[in-house]
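Structure record follows, encoded as structure tokens.
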There are 2 protein chains.
Amino acid sequence: MGVVETSTRTIVVPRSGATVAHRNGGESRYARPKVAVDTVLFGVAERRLKSYLVQLKRGTNAGRWAFPGRLVRVGELLDTAARSELEASTGLDDPYLEQLFSFGDPTRDPKAHVVSVAYMALSGDPERVAACGSKYLAGRWFEVAALPPLAYDHSVIAAYALKRLKAKLEYTNIACNLLPRSFTFAELEELYALVLGRALDRRNFRRRILAMGLLRRLPQKRHGAHRPATLYEFFPRSLRTIEML
Amino acid sequence: MGVVETSTRTIVVPRSGATVAHRNGGESRYARPKVAVDTVLFGVAERRLKSYLVQLKRGTNAGRWAFPGRLVRVGELLDTAARSELEASTGLDDPYLEQLFSFGDPTRDPKAHVVSVAYMALSGDPERVAACGSKYLAGRWFEVAALPPLAYDHSVIAAYALKRLKAKLEYTNIACNLLPRSFTFAELEELYALVLGRALDRRNFRRRILAMGLLRRLPQKRHGAHRPATLYEFFPRSLRTIEML
DNA sequence: CCAAAAGTGTTGGCTCTACACCCATGA
DNA sequence: TCATGGGTGTAGAGCCAACACTTTTGG
């Protein structure tokens, strides 16, 4: 048995020679790495930055947590594959999605050479994420600061994604994809502080953000336990990412 | 005939159904996109930013120019594949190399679904680039501002690479990989002006670069037609790229 | 009326840009 | 000696960080 199809990966046992040749076109000459997409989905809940993991059902990594991903099919766009897998495992229909980097170390999956194109996705309301489907044992949010051991090289991917998120928070309006439609300045500031891992000066933050002219002040206020806060929203969402530099 | 091996790409005719199934594991279920690396090599020569192209020998794109690239083999690191292909087509042994982005549109190559992991490479002495080998019809430097029509989606890759180069020039010391070991301030400034496409203030530029503390002043001077210029070199090359922010 | 979060300006330091003249050499 | 590219300083503007008190509401 040279080829095993699991729910997550097509596994080709390497160097098994002629027995595999008729299945996959020949190990030595025609065997090729496969392409997968893996998506790091970020969201903010309970005042923490979280990321969504699924628990693998089969393979050497059965039982371990990983980012939702799958092999790419012929004819499929990479983005489309990432989106469809994400929708299948979280129900999110149209999240912000951005390609990060491709990881191609042949040993990242000990059973097959799979090149993973890593993506980052952002969700504005983690509560709405549902059903991991039958493909995985489970799926849930984990605090980014305390991820469990991950399958494959997914901890490397996690670190890369977080780095990218931090960087883009500073010079783009990417934050709008991590917030609900309307929000208070305090919430926006908390998001920045959460992701960047440091406190921000409220007055300077407010000035800086307003200077960008990306926010629209709403007439409503949010009423809580104390003084009500003005609500804001980002200008048309279609400006998905503005590079501010 | 469902599968054709050319020198550059394994071409799988899509949607040809059962006749192909035994060759490649079955179109519908097991057929997978292949992975290639394509590398945009930059260099400066004759006071122009140039990039190295090779002329394809076979396939639908025979005769067209493209960046050196090939399919990745099972067991191969992406970086290794990019380096080995680059060395094969230019003779460069250890250039600066950086992964850019993966392009996976199934229509980018009309004959097969190949996901291309694009790389950028930099050479400090374009003159030394030799021999394109027998794989390509030809290979030579083209001015970046005047590239010929390119094969596949390589013009998209070219644009992406140039954008990345410009960006990193501003916040890293990546420039050291585009210059010979020692150089004058005028040469460094010219490089920046060339890549960024705008003139720089000589005094401000000098101040800014020196403030970074990455240059070592050499005792020698370069003697030309007029006043000799002080030579500099970057501190140990091993600091390949310093992120300056 | 009190607790708690929302909202608001000013100042000093630093950085960046704009700008013009003298210097050293080879021919 | 002259043509040419090498080398240098300063002043004004804009930007950013530091910093504390008043306002508004719910309870």
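Numbered from 1 within each chain, the chains take letters A, B, ... in sequence-line order.
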Measure distances between side-chain N and O atoms of B/Arg202 and base N and O atoms of D/dG7, and say whether any donor-acceptor pair falls under 3.5 Å.
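Pair found.
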If you assign each of B/Tyr232 and A/Asp201 to its closest nucleotide in DNA chain D, which residue comes earlier from the 5' end?
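Counting from the 5' end, the first nearest nucleotide belongs to B/Tyr232.
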In terms of relative ring orientation, are A/Phe101 and A/Tyr160 parallel, tilted or perpendicular, with 30° and 60° separating the classes?
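Correct class here is tilted.
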Hey, are the side chains of B/Lys50 and B/Pro126 touching, using non-hydrogen atoms and a 4.5 Å cut-off?
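Side chain of B/Lys50 against side chain of B/Pro126, heavy atoms only: no contact under 4.5 Å found.
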A/Leu77 side chain near B/Asp105 side chain, heavy-atom distance below 4.5 Å:
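Sidechains of B/Asp105 and A/Leu77: in contact.
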[X] [atom1] to [N] [atom2], straight-line distance once rounded to whole Å:
{"X": "B/Phe185", "N": "D/dT8", "atom1": "CZ", "atom2": "C1'", "value": "12 Å"}
{"X": "B/Asn204", "N": "D/dT10", "atom1": "CG", "atom2": "P", "value": "14 Å"}
{"X": "A/Ile209", "N": "D/dC16", "atom1": "CD1", "atom2": "C1'", "value": "14 Å"}
{"X": "A/Leu200", "N": "D/dA18", "atom1": "CG", "atom2": "P", "value": "11 Å"}
{"X": "A/Phe205", "N": "D/dC16", "atom1": "CZ", "atom2": "P", "value": "14 Å"}
{"X": "A/Arg203", "N": "D/dA20", "atom1": "CZ", "atom2": "P", "value": "8 Å"}

Could you give the start and end, 5' to 3', of the contact zone on DNA chain C for chain B, using atoms under 4.0 Å from its heavy atoms?
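It runs C/dT17 to C/dG26.
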Are side-chain N/O atoms of A/Arg70 and A/Ser84 paired as donor and acceptor at under 3.5 Å?
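There is such a pair between these side chains.
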Is the closest side-chain donor-acceptor distance between B/Arg128 and B/Ser123 under 3.5 Å?
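No pair is found: no donor N or O on one side chain lies under 3.5 Å from an acceptor on the other.
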Under 3.5 Å, which N/O atoms of the protein pair with N/O atoms of nucleotides 24-27 of chain D?
{"unit_1": "D/dG26", "atom_1": "O4'", "unit_2": "A/Ala225", "atom_2": "O", "d": "2.6"}

Hey, does A/Thr230 reach any base, or is it just sugar-phosphate, or nothing, if we go heavy atoms under 4.0 Å?
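Since only primed, P, OP1 and OP2 atoms lie under 4.0 Å of A/Thr230, the category is sugar-phosphate.
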Within the 4.0 Å heavy-atom criterion, would you say B/Arg208 contacts the bases, only the backbone, or no part of the nucleic acid?
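B/Arg208: no heavy atom of the nucleic acid under 4.0 Å.
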Could you tell me which non-hydrogen atom of B/Leu194 sits nearest to which non-hydrogen atom of B/Leu49, and how far apart they are?
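Closest heavy-atom pair between B/Leu194 and B/Leu49: CD2-N, 3.8 Å.
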Which atom of A/Ala151 lies closest to which atom of A/Arg64, heavy atoms considered
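The answer is CB-CB, 4.1 Å.
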Taking B/Tyr119 as the fixed residue, which of B/Asp38, B/Asp79, B/Thr39 is the one that meets the side-chain hydrogen bond (donor to acceptor under 3.5 Å, both in side chains) rule?
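Going through the options one by one, the only one that passes is B/Asp79.
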